[in-house]
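Order of appearance sets the numbers: ligands from 1, and atoms from 1 within every ligand.
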Amino acid sequence: MENKNSNSGLLFVVSGPSGVGKGTVLALAVKKVKNLHIAVSATTRKPRTGEENGVHYHFLSVEDFKSEIEKGGLLEFVYNFENYYGTLKREVENAWKSGKDVILEIETEGAMKIKEQMPQAVMVFIKPNDINSLRERLTVRGTETPEAKLKRLDNASKVLECAEHYDFVLINENGKAEECANALVAVINASRLQD
Ligand code: 5GP
């Protein structure tokens with residue numbers, strides 16, 4: 001899969017620790033920019049309350065996910081928090097075909113796989129201003145069991161070390177998601193100018 005040719009658009013990869021507010025920032029950014037598609041990932045994780053199939057994720061059985069792996073239908077995938085997560089190639093290709101650029105919100109291991117395959121991908125890392133704000137946000141979200149929350153927090157400090165492999169590092173300060181979204185929009189617009 002190529003990007004930056006006549007049949008395709010740009011690919012933005014956004015990562016950051018769990019609880020940093022990537023979803024909020026992306027949702028704000030996508031309202032400010034035309035022709036931008038946030039790719040819906042595939043996962044074997046069970047839907048959380050309020051999550052819809054095809055909107056938040058393509059919720060697949062382990063069997064169906066493995067069959068996608070075998071068919072070569074995934075651009076990248078990881079096994080994380082005891083579940084599979086991955087980017088479906090058709091999700092990206094369909095958006096490109098309709099003239100849209102694509103944003104992937106994925107964790108760092110998958111992001112590095114994309115960077116290897118597609119060095120043109122624009123890599124964006126979202127950081128909290130301090131790690132305590134992550135703890136607060138995961139508590140407020142209340143969707144994790146205490147065990148899962150601890151795992152995610154422990155993982156967060158490892159994830160933060162990966163920021164150096166990204167082209168842009170943006171800070172999402174508590175309550176200032178709009179500012180972070182504006183910074184992301186600036187990255188997107190500048191990348192489009194380079195195309
Ligand atoms: P959650 O279970 O909170 O929705 O997501 C857990 C983690 O999986 C997050 O770090 C999220 O960025 C990551 N993730 C979601 N979709 C994908 C994907 O398609 N590929 C990879 N590598 N990670 C993903």
*Would you please test Glu51 and Arg45 for side-chain contact (heavy atoms from CB on, under 4.5 Å) and show each step?*
CA-CA 11 Å; Glu51 283 184 336; Arg45 163 167 87 57; 2.9 Å; yes
*Which residue holds the protein heavy atom closest to atom 7 (C) of ligand 1, what is that atom called, and what is the gap in Å?*
Phe81 CE1, 4.1 Å
*NZ on Lys100 to CG on Leu36, rounded to 0.5 Å*: 9.0 Å
_Nearest non-hydrogen contact with atom 23 (N) of ligand 1 belongs to which option: Lys113, Glu91, Glu107?_
Glu107
*Please write down residue, atom name and distance for the protein heavy atom closest to atom 9 (C) of ligand 1.*
Lys22 NZ, 4.4 Å
*Is atom NZ of Lys32 surrounded by more than 12 heavy atoms (other residues, nucleotides or ligands) closer than 6.0 Å?*
yes
*Could you go step by step and tell me if Met118 and Leu75 meet the side-chain contact (heavy atoms from CB on, under 4.5 Å) rule?*
CA-CA 10 Å; Met118 295 181 175; Leu75 191 53; 3.9 Å; yes
*Relative to ligand 1, is Tyr57 under 4.0 angstrom through side chain, backbone, both or neither, heavy atoms considered?*
side chain
*Measure from NZ or CZ of Lys66 to the centre of the six-membered ring of Phe77 and say whether it is under 6.0 Å with the direction within 45° of the ring axis.*
no
*Any idea which atoms of ligand 1 are less than 4.0 Å away from a heavy-atom of Gly110?*
22 (N)
*Select one of side chain, backbone, both or neither to describe which atoms of Glu109 lie under 4.0 Å from any atom of ligand 1, heavy atoms only.*
neither
*For ligand 1, which atoms have a heavy atom of Arg45 less than 4.0 angstrom away?*
1 (P), 2 (O), 4 (O)
*Check the pair His56 / Arg48 against side-chain contact (heavy atoms from CB on, under 4.5 Å), numbers first and verdict last.*
CA-CA 10 Å; His56 298 90; Arg48 296 187 186 123; over 6 Å; no
*Report the nearest protein non-hydrogen atom to atom 18 (C) of ligand 1: residue, atom name, distance rounded to 0.1 Å.*
Ile106 CG2, 3.3 Å
*What protein heavy atom sits nearest atom 20 (N) of ligand 1, and how far away is it?*
Glu76 OE2, 2.7 Å
*Heavy atom of Gly86 under 4.0 Å from ligand 1?*
yes
*Consider ligand 1: state whether an atom of it lies below 4.0 angstrom from any non-hydrogen atom of Thr87.*
yes
*Polar contact flag for Tyr85 and ligand 1 (N/O pairs, less than 3.5 Å)*: yes
*asked:* Checking a contact table here: which protein heavy atom is nearest atom 17 (C) of ligand 1, and how many Å away?
replied: Ser41 OG, 3.4 Å
*Does even one non-hydrogen atom of Arg48 get within less than 4.0 Å of ligand 1?*
yes
_Determine whether Val122 and Gln194 satisfy the following criterion, side-chain contact (heavy atoms from CB on, under 4.5 Å), listing intermediate values before the conclusion._
CA-CA 11 Å; Val122 181; Gln194 278 191 318; over 6 Å; no
_Using the rule ring pair (Phe, Tyr, Trp, His ring centres under 6.0 Å), only one of Tyr85, Tyr57, Tyr84 pairs with Phe65; which is it?_
Tyr84
_What verdict does the salt bridge (charged side-chain N to carboxylate O under 4.0 Å, His left out) test give for Glu116 and Lys113, after you've listed the backbone C-alpha separation in whole Å, the side-chain angles of each residue and the deciding distance to 0.1 Å?_
CA-CA 5 Å; Glu116 254 172 53; Lys113 291 182 192 166; over 6 Å; no
